[in-house]
Amino acid sequence: MTIDSMPMAKAINAGLREAMNNDPKVLLMGEDIGPLGGVFRVTEGLQAEFGEKRVLDTPLAESGIIGTAIGLAMRGYRPVCEIQFDGFIFPGFDQITSQLAKMTNRHEGHVTMPVVIRVPYGGHIGAVEHHQESPEAYFAHTPGLRLVSPSTPNDAYWMIQEAIQSNDPVMFFEPKSRYWPKGDVDRTASTFPLHATRVIREGTEVTLVGHGAMMAVLLQAAELAAEEGTSIEVIDLRSLSPIDYDPIIVSVQKTGRLIVAQEAPGFVSVGSEIAATVTERAFYSLEAPVLRVAGFDAPFPPAKLETIYLPDVDRVLEAVDRALAY
Amino acid sequence: MPYSDATIQLLSPEGTIVSSDAADEYQPIIDALSDEQLREFHRTMVVTRRFDVEAANLQRQGQMGLWVPSMGQEAAQVGSGFAARKQDHIFPAYREHAIAMIRGVDVLDIVRMLRGVTHGGWNPVTSKNFHLYTLVIGSQALHATGYAMGIQLDGATATGDPDNDEAVIVYYGDGATSQGDVSEAFVFAASYQTPQVFFLQNNHWAISVPVSTQSRTPLYLRSTGFGIPGIQIDGNDVLASYAVTRKNLDEARAGNGPRFIEALTYRMGAHTSSDDPSKYRADAEVEFWATRDPIARFETYLRGRGEGDAFFADVATQAEDLALDIRQRTHEIETPSTDKMFDHVYSEPHPLITVQKQWLADYEAGFGA
Ligand SMILES: Cc1ncc(C[n+]2csc(CCOP(=O)(O)OP(=O)(O)O)c2C)c(N)n1
Ligand SMILES: [Mg+2]
């Protein structure tokens, strides 16, 4: 076993390097990803190592990046596009949802679209507007796309490689506030499929489900609840489309209570979808309604207010109390 | 009068060869064409127009939800379509029926699409690199540019071998020039010096909006600021379309960077079968362009070269044969099975698709029980 401790940004960098070494068709494209290594340094050193034909510093145009990546995929390449920040994905929205997502279907399978779109997303970094958003739901709503989001360096290292191996387009949401904390990365083998949900803490009374940066908050909430005698199970979604429901259903059958937490606004969100599906599939196991803890349905606020906007341990525990009160 | 001094024309509307400095530069490319190739230009224009008329009729008879006519634009399409070499990749908009024909796409695939049986569905690889129609205006410009970047990365171009070096040609309309994607494609193409030609069919209308709303300068000037040479041709002159596209595609494949061609042409019919051009354009304009019909012009030219009635009669027969074949096969098109909705949404298994496909099958079976 080779276990290294590294931050998620470095783990993704290592995963990209591995993928590029394994397959000469893998290309990186994006703004400032060359000599600078991207604004978060995720691609640091890769252009020096693989050259300008494998790591393309593109013109500053998101539709252009995704649209040309589609053409490159038609040619047999496996482009990995970096979107600089969550709030800047929308100039590429049409190419992602109307083109990339539908290409294989329109071609009746004659063409596949192995394109990965890396999106640093979410809050907690005190940045200016358009730099802290969580736009997953727009894309989860779109047939033809796959969406994943790692919460640990180890998952990030493996999931980026698995995303690149997928023949379908994968949106890879990177919780940017988790880029820096270190974690163990086991480079010997992936232990989990790309689209599998994972129970990361076992408990008996309440199930908490989330993804990305939410996981650190949920684990902390579970820890505090345990001190007060409440046993909480925590599940990391990892995949937002498709959602691997079975572990969630099994958990709810045990706990009878489900709380879905996310940074994104709650209205018409991944959390709403999970609430609806679990209600359908595990209605008789539920002791309480499925509750959502989410960002407010307001634009992401100026950074000085972000700690109030973003769900924190207290908001999660408040929901735990509400669920237990039924 | 849409033409300007810059417009390259090799064949006058009267069907005679034009001599000018600009035209003379391209004349050798035309001189190299065999009689059979010239006949093939004519045949393809006539057959495409007959197909177009037949499809419009079938639409009126309820066989299709929509038809997109190409009438009037045959020369722009046929010339440039034959200019592309076999190894080239073609990214059309949705009106390029003549080019589909040239590249050997079964044009019934276009009927299937507009009948509502597919979203395109043909395989670009087995359709001689003719990619799918794209309805989101201008978005294919980026796919074409990305494809051309891929050709470049493969080293499959600019080796000095025009018979094998690959290039890309992408088609779009005057309305599309206003789309951001088309400008972004110019930026990427110029930046990476891709082997590609942007081919604009300026048919003067984007549904009901005249080209003057899209641009106050001639569109061929649009690319210069992006660092891409632009050239304007008489798009109703099949020889100009062929020669200028041939030369510029060959420049692009030789490693000299992307090119932009604006072909001045006219949409003689409605935008689609749902449109009513009498609401927005003057008869006089249509009449002007009728005197510049691409097929009549080329027929005069061929007759002047000694082509006789037998050839034209033969072409007419061939056109009727195709129309009959399309009519018959349109009536035989089967409605797709409901499974088709779920097929190829993903290329690898996906639980929502699996569950919903099964649910629908069970639900439908329930009615039979
Ligand atoms: C992005 C987008 N906006 C609007 C439309 C609706 N629409 C279809 S064709 C068309 C006009 C296109 O004009 P042009 O690019 O000149 O091509 P032409 O139809 O004349 O060949 C419009 C507005 C569309 N298909 N896509
Ligand atoms: Mg037009």
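This one's a predicted model, so the numbers in the text were calculated from it and none came from an experiment. Convention: sequence-line order gives letters A, B, ...; per-chain numbering from 1.
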Tell me, for [X] versus chain A, whether the close heavy atoms (under 4.5 Å) come from the side chain, the backbone, both or neither.
X: B:T126; value: neither
X: B:L153; value: both
X: B:Y133; value: backbone
X: B:S191; value: side chain
X: B:E166; value: side chain

Which answer fits [X], side chain, backbone, both or neither, if we ask what part of it has an atom under 4.5 Å from a heavy atom of chain B?
X: A:L27; answer: side chain
X: A:D57; answer: backbone
X: A:A69; answer: neither
X: A:T104; answer: both
X: A:M113; answer: neither
X: A:S239; answer: neither
X: A:D94; answer: side chain

Task: B:H89 side chain near A:M74 side chain, heavy-atom distance below 4.5 Å - done: no
- [ ] Determine whether A:S166 and B:E348 make a side-chain contact, defined as any pair of heavy atoms from C-beta on separated by less than 4.5 Å.
- [x] yes
- [ ] Considering only heavy atoms and a distance below 4.5 Å, find which of A:P143, A:S63, A:A73 pairs most often with chain B.
- [x]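 Top option by heavy-atom pairs under 4.5 Å: A:S63.
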Task: Verdict with supporting geometry, B:D181 and A:Q95, side chain to side chain contact (heavy atoms under 4.5 Å, CB included) - done: CA-CA 9 Å; B:D181 278 1; A:Q95 285 290 345; 2.8 Å; yes
Task: Derivation of the side chain to side chain contact (heavy atoms under 4.5 Å, CB included) call for A:S241 and B:H350 - done: CA-CA 9 Å; A:S241 179; B:H350 187 287; 4.0 Å; yes
Which atom pair, heavy atoms only, marks the closest approach of [X] to [Y]?
X: A:G144; Y: B:Y346; answer: N-OH, 3.0 Å
X: B:P349; Y: A:R146; answer: O-NH2, 3.1 Å
X: A:G64; Y: B:E184; answer: N-OE1, 2.5 Å

Open item on the list: So does A:E108 get a backbone contact from the side chain of B:H344, meaning a donor-acceptor N/O pair under 3.5 Å?
Closed with: yes
Open item on the list: Strictly distance-based, threshold 3.5 Å: is any side-chain N or O of A:N105 a donor or acceptor partner for the main-chain N or O of B:D343?
Closed with: yes
Open item on the list: Quick test of your reading of the model: are B:D154 and A:K53 salt-bridged, counting only N-O distances below 4.0 Å?
Closed with: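 No, no charged N to carboxylate O under 4.0 Å.
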Output the distance between atom [atom1] ([X]) and atom [atom2] ([Y]), rounded to the nearest 0.5 Å.
X: B:L132; Y: A:H110; atom1: CG; atom2: NE2; answer: 9.0 Å
X: B:Y192; Y: A:L56; atom1: OH; atom2: CG; answer: 4.5 Å
X: A:R106; Y: B:H131; atom1: CZ; atom2: NE2; answer: 12.0 Å
X: A:Q99; Y: B:T134; atom1: CD; atom2: OG1; answer: 6.0 Å

- [ ] Among B:G120, B:A185, B:S139, B:G180, single out the residue with the greatest number of heavy-atom pairs under 4.5 Å to chain A.
- [x] B:S139
Task: Selection from B:V187, B:L135, B:V136 maximising heavy-atom pairs under 4.5 Å formed with chain A - done: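 Counting heavy-atom pairs under 4.5 Å, the top option is B:V136.
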TODO: For chain A, find its close neighbours in residues 140-152 of chain B: heavy-atom separation under 4.5 Å, sorted by number, or none.
DONE: B:L142, B:H143, B:T145, B:G146, B:Y147, B:M149, B:G150, B:I151
